[in-house]
Amino acid sequence: MARQVRRAFKYRFYPTVEQAAELSRTFGCVRLVYNKALEERTRAWCGEQRRISYVESSAALTHWKKTPELAFLAEVSCVPLQQALRHLQTAFSNFFAKRAAHPRFKSRKRSRASAEYTRSAFTWRDGHLTLAKMAEPLDVRWSRPLPEGAEPSTVTVSRDSANPRHERRDRARLARAQRELSRKAPGSANRDKARRRLARVHARIADRRRDFLHKLSTRLVRENQTVVIEDLTVGNLLKNRTLARAISDAAWRELRTMLEYKCAWYGRDLVVIDRWFPSSKLCGACGTVRAELPLDVREWTCGCGSLHDRDVNAARNILTAGLAVTACGDGVRPQRDTSRTGRSSAKQETQRATAGIPCL
Ligand SMILES: [Zn+2]
């Protein structure tokens, strides 16, 4: 007798531009439907002590889709919208049974954007997962395999941000602590206190940064067989001595150290590209190298007509160079297992590694 067991597995995927746009629309519609249904239920409960059922909410959704202002709700998959109403139903059941507080509105900023797809809203074929309203399967990193014979019954997609959340607030705290220190008279007890406060702010920023770099490096190493990075340190430090640049150079070195030992632990290849490689100035499409490209130019068009995002183009060039190194095994790193070295899988991550770090 076969017993069915439901388990949840969490994987990361990287949407294409079209998929990201579709998901973003869907997240927005899910939030709107949830909030609108919550508003109606709250009005009925507070005004008339009347409970609205899931069936009534679902009928209301059908009605909203027919109005000119909310017709756009019909453009996304209807399943995540229905699931949002089911979740609201569960939240109200818990509220009425006194197991939970009254449901709260979903906020664009504070709530986690998510959408739930049940079996009718995705296809699962040969290990490829395709969501409703999408032409291509999702580029999922199967960081651990699904159990033998397992079939997904529900797919929940949620969005997280790859950058540290506290960065702006930390910077404001740092500026304030520095201002306070500069106002205190030299040699005074208050100045000493202000100095200690400033040191604490610095320590907390360093802790957060290290925590973020640990998460980032673990993910890069777990999800990819080969990680290619650019050796950025000395050259850039000499060119530009501003504090912000120095901090991000320190972060870069820290990330690189973590990648080195984690790649060794997990048996991955780390390829370091020479810092004199013209990663930014090289057109990835035609191979032309520009004479110069000032640091403030974020986008440029090559003579061949290709429009480049500075960081994305550089990341692609670094990846291509790194994979060429592993393919001909010219001594930088021994090659391990080419069958698992997916070009596209490393590409995304190289983009993050080079594009994501300078903003730390
Ligand atoms: Zn070109």
Side-chain angles (χ1 to χ4, degrees), residues 8-35 70-84 87 106-118 120-125 127-143 152 154-165 167 212 215-216 219-220 222-224 227 284-285 298-299 306-319 342-360:
F9 291 86
K10 201 167 168 183
Y11 298 100
R12 185 173 290 276
F13 71 91
Y14 297 93
T16 62
V17 176
E18 293 81 29
Q19 287 170 341
E22 180 63 35
L23 285 172
S24 180
R25 266 198 302 276
T26 307
F27 291 150
C29 291
V30 163
R31 194 176 58 237
L32 185 143
V33 164
Y34 186 94
N35 285 347
L70 295 174
F72 61 86
L73 290 176
E75 287 166 21
V76 301
S77 167
C78 62
V79 172
L81 306 185
Q82 295 288 351
Q83 289 304 102
H87 291 160
K106 283 189 191 294
S107 136
R108 186 195 294 269
K109 279 186 183 154
R110 286 187 317 273
S111 312
R112 193 184 186 86
S114 76
E116 194 175 284
Y117 294 78
T118 50
S120 61
F122 66 85
T123 58
W124 169 252
R125 204 166 293 139
H128 292 291
L129 181 69
T130 312
L131 297 179
K133 306 264 178 188
M134 288 185 188
E136 296 169 75
L138 297 178
D139 179 17
V140 181
R141 301 308 143 88
W142 302 101
S143 44
T154 308
V155 175
T156 305
V157 178
S158 63
R159 176 167 54 195
D160 62 14
S161 48
N163 273 351
R165 287 181 301 138
E167 205 249 345
F212 168 72
K215 285 181 183 146
L216 176 68
R219 217 182 73 211
L220 289 169
R222 267 164 80 167
E223 295 173 1
N224 297 281
V227 179
R298 307 313 302 171
E299 272 185 3
S306 319
L307 172 69
H308 293 301
D309 174 288
R310 181 199 186 96
D311 294 332
V312 172
N313 176 56
R316 287 201 176 121
N317 290 335
I318 291 165
L319 179 69
R343 183 195 159 86
S344 61
S345 85
K347 179 154 72 186
Q348 286 275 0
E349 295 302 347
T350 329
Q351 284 176 18
R352 284 173 170 275
T354 54
I357 295 314
C359 64
L360 267 181

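- Under the rule for a salt bridge (charged side-chain N to carboxylate O under 4.0 Å, His left out), the partners of Glu22 that lie at least two apart in sequence or sit in another chain are Arg25.
- Remark: Phe13 pairs with no residue by the ring pair (Phe, Tyr, Trp, His ring centres under 6.0 Å) rule, at least two apart or across chains.
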>> Assess the residue pair Thr26 and Ser77 against the criterion (side-chain contact (heavy atoms from CB on, under 4.5 Å)); give the C-alpha distance rounded to whole Å, side-chain angles, the decisive distance to 0.1 Å, and a yes or no.
In response: CA-CA 7 Å; Thr26 307; Ser77 167; 5.7 Å; no

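- Between Phe122 and Leu138, every side-chain heavy-atom pair lies at or beyond the 4.5 Å cut-off.
- The structure places CG of Leu129 at 7.0 Å from OG1 of Thr123, a figure rounded to the nearest 0.5 Å.
- With Glu18 contributing its side chain and Glu136 its backbone, the two residues share no donor-acceptor pair below 3.5 Å.
- Under a 3.5 Å cut-off, the side chain of Asp139 and the backbone N or O of Thr16 do not form any donor-acceptor pair.
- Partners of Thr118 by side chain to side chain donor-acceptor pair (under 3.5 Å), not counting sequence neighbours: none found.
- Nearest heavy atoms, Ala84 versus Val30: CB-CG1, 3.9 Å.
- The structure places CZ of Arg316 at 9.0 Å from CG of Asp309, a figure rounded to the nearest 0.5 Å.
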>> Go through it in stages, so that I can follow the logic: the residues are Arg125 and Thr130, the test is side-chain contact (heavy atoms from CB on, under 4.5 Å), and I'd like the CA-CA distance, side-chain angles, deciding distance and then a yes or no.
In response: CA-CA 8 Å; Arg125 204 166 293 139; Thr130 312; over 6 Å; no

> Would Leu70 and Leu32 satisfy side-chain contact (heavy atoms from CB on, under 4.5 Å), going step by step from the backbone distance to the final call?
Replying inline: CA-CA 10 Å; Leu70 295 174; Leu32 185 143; 4.0 Å; yes

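- Side-chain contact between Leu81 and Cys29 is present, with at least one heavy-atom pair separated by less than 4.5 Å.
- For the atom pair CD (Gln83) and OG1 (Thr156), the distance works out to 8.5 Å, reported to the nearest 0.5 Å.
- Here the shortest heavy-atom pairing between Gln19 and Tyr14 reads OE1-O, 4.4 Å.
- Residues passing the ring pair (Phe, Tyr, Trp, His ring centres under 6.0 Å) test with Trp124, sequence neighbours excluded: Trp142.
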> Run the side-chain contact (heavy atoms from CB on, under 4.5 Å) check on Val33 and Gln82 step by step: do they pass?
Replying inline: CA-CA 9 Å; Val33 164; Gln82 295 288 351; over 6 Å; no

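- Residues satisfying the side-chain contact (heavy atoms from CB on, under 4.5 Å) test with Ala113, not counting sequence neighbours, are Phe27, Arg159.
- Nearest heavy atoms, His128 versus Pro137: CB-CB, 3.9 Å.
- Interatomic distance, Lys106 NZ to Arg31 CZ, rounded to the nearest 0.5 Å: 9.5 Å.
- Arg298 meets the salt bridge (charged side-chain N to carboxylate O under 4.0 Å, His left out) test with Asp311; sequence neighbours excluded.
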